[in-house]
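All remarks here apply to the structure that follows.
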Protein chains: 2
Amino acid sequence: MSALYHRVREARRLLGLSQESLAAELGVSRSAVAQWEHAAGTSPSVDHLSALARRSGMCFEYLATGRGPRILGEPMVAEPAAEYDALTEQQKQLLERFRLLSPRQRRALLELIEPERSSLR
Amino acid sequence: MSALYHRVREARRLLGLSQESLAAELGVSRSAVAQWEHAAGTSPSVDHLSALARRSGMCFEYLATGRGPRILGEPMVAEPAAEYDALTEQQKQLLERFRLLSPRQRRALLELIEPERSSLR
DNA sequence: GACGAATTGTCAGTATAAGTAACATTATTC
DNA sequence: GAATAATGTTACTTATACTGACAATTCGTC
């Protein structure tokens, strides 16, 4: 599943517009659009995202979340249930980094965040 | 058509979660969720709204604008996905203790165990 | 290759939206 | 009535969406 900033650029390219042109149509500055298209940049507000979806003909759901058909009327691609992850992104990140620790470090960490402990609470 | 703050509460209730539980899953404080549910409160960012849509199975467009179908698919049960059962006891313990931390403490912890960091590696 | 135009990338600054923590209130359970 | 859980509210802090300006890259033309 692509990230939001990928989908924003995808929508703009679908329209064959430059950042400048799209910005003019949405009523924002060119650099706002530029920032929407970068991982480290800002995200568009809901209003701007909605306006972009309407303008590009892209499904709002797809644009915002990456789920569902790209274009209105496009055949639905079935998503595996696994896409609805129970773990948050932060929890996944936690488990990933924890996995890289040595057993001793893992025990130390668990001890550090034990409830009623003063270090981090 | 209901207001955003109504729909946010609708989504949370659909999941059968308290404000506290939902906040933990989305990685924000309980009072942020409380404010999302009030007319005079703040609105969730696009990232949080998207996360709530994913978690609740509700359409992002419905959540964001009140338009369109309510549900994308069956809402996920509050119980973790099968992958949780694949976790070790230590990993489960980690997630449980992590869940009890405040958002600021969680970020501090993740930073602490970031790869290439010296503190615990 | 040079050059100019078009396009995109990046950054510092700003206003305010969104978030936090702490305290207050209400609801629920026993 | 007490204890606990859940929610409401507020003052304050932090994050961020956006802007304008400057930098860098890409593209088209000669």
Side-chain angles (χ1 to χ4, degrees), chain A residues 3-53 55-56 60 63-64 88-90 93 115-116 118-121, chain B residues 2-53 55-56 60 63-65 78 96 98-111:
Chain A
L4 173 62
Y5 66 92
H6 277 141
R7 298 190 296 273
V8 169
R9 178 163 292 195
E10 187 184 346
R12 179 172 64 83
R13 290 210 167 130
L14 195 66
L15 292 167
L17 293 177
S18 65
Q19 292 178 346
E20 189 74 54
S21 302
L22 180 62
E25 295 198 20
L26 299 185
V28 294
S29 66
R30 201 268 318 163
S31 58
V33 174
Q35 286 176 77
W36 298 345
E37 296 185 3
H38 281 264
T42 61
S43 293
S45 67
V46 171
D47 288 344
H48 291 135
L49 208 50
S50 174
L52 178 55
R55 182 62 185 86
S56 63
F60 193 14
L63 194 53
T88 67
E89 285 306 313
Q90 216 179 25
Q93 202 170 46
E116 306 315 316
S118 59
S119 310
L120 215 62
R121 290 185 62 80
Chain B
S2 64
L4 173 61
Y5 64 94
H6 278 143
R7 298 189 296 273
V8 168
R9 177 161 294 193
E10 185 184 346
R12 178 174 65 83
R13 289 212 168 127
L14 189 68
L15 292 167
L17 295 177
S18 65
Q19 290 177 347
E20 189 76 53
S21 300
L22 180 62
E25 296 201 20
L26 299 184
V28 293
S29 66
R30 201 268 317 163
S31 57
V33 175
Q35 286 178 81
W36 296 346
E37 296 185 3
H38 280 263
T42 61
S43 294
S45 66
V46 168
D47 285 347
H48 290 136
L49 206 52
S50 176
L52 178 55
R55 182 63 186 83
S56 64
F60 179 92
L63 265 178
T65 66
E96 177 57 31
F98 188 76
R99 193 177 61 79
L100 297 174
L101 300 176
S102 75
R104 175 175 285 177
Q105 289 174 318
R106 292 178 193 151
R107 284 197 295 272
L109 185 68
L110 283 168
E111 204 172 304

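Predicted model, so just to flag it, every value in this text is computed and none were measured. Chain naming here is simple, since letters A, B, ... match the order of the sequence lines and numbering starts at 1 in each.
In this structure, B/His38 atom NE2 and D/dT10 atom P are separated by 11 Å, rounded to whole Å. What separates CD of A/Gln19 from P of D/dA24 is a distance of 17 Å, to the nearest Å. In this structure, the CG atom of A/Leu49 is 11 Å from the P atom of D/dA17, given to the nearest Å. A/Glu20 has its CD atom 13 Å from the C1' atom of C/dA5, to the nearest Å. Distance, A/Leu26 CG to D/dT19 P: 11 Å, rounded to whole Å. Rounded to a whole Å, the OH atom of A/Tyr5 is 16 Å from the C1' atom of C/dT8.
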Could you walk me through whether B/Leu4 and B/Leu49 pass side-chain contact (heavy atoms from CB on, under 4.5 Å), step by step?
CA-CA 10 Å; B/Leu4 173 61; B/Leu49 206 52; 4.2 Å; yes

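A/Leu22 CG to A/Ser18 OG: the interatomic distance, rounded to the nearest 0.5 Å, is 8.0 Å. Distance check: A/Ser50 OG to A/Phe60 CZ gives 4.5 Å after rounding to the nearest 0.5 Å.
DNA chain D is contacted by both B/Val46 and B/Arg13; B/Arg13 maps to the nucleotide lying nearer its 5′ end (nearest heavy atom per residue).
Not a single donor-acceptor contact under 3.5 angstrom links the side-chain atoms of A/Arg30 to the base of D/dG20.
Dashed line: the shortest gap from a side-chain N or O of B/Arg9 to OP1 or OP2 of D/dG8 is under 4.0 Å.
With A/Arg7 contributing its side chain and A/Ala64 its backbone, the two residues share a donor-acceptor pair below 3.5 Å.
Checked against side chain to side chain contact (heavy atoms under 4.5 Å, CB included), A/His6 has the following partners two or more places apart in sequence or in another chain: A/Ser2, A/Ala3.
Between B/Trp36 and B/His48, the two ring planes are tilted [angle within 30° to 60°].
Within the nucleic acid shown, A/Ser31 comes within 4.0 Å of at least one base atom, counting heavy atoms only.
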Give each protein N/O atom lying under 3.5 Å from an N/O atom of nucleotides 17-19 of chain C, with the pair distance.
unit_1, atom_1, unit_2, atom_2, d
C/dA18, O5', B/Ser43, O, 3.4
C/dG19, OP1, B/His48, ND1, 2.4
C/dG19, OP2, B/Trp36, NE1, 2.6
C/dG19, OP2, B/Ser43, O, 3.4

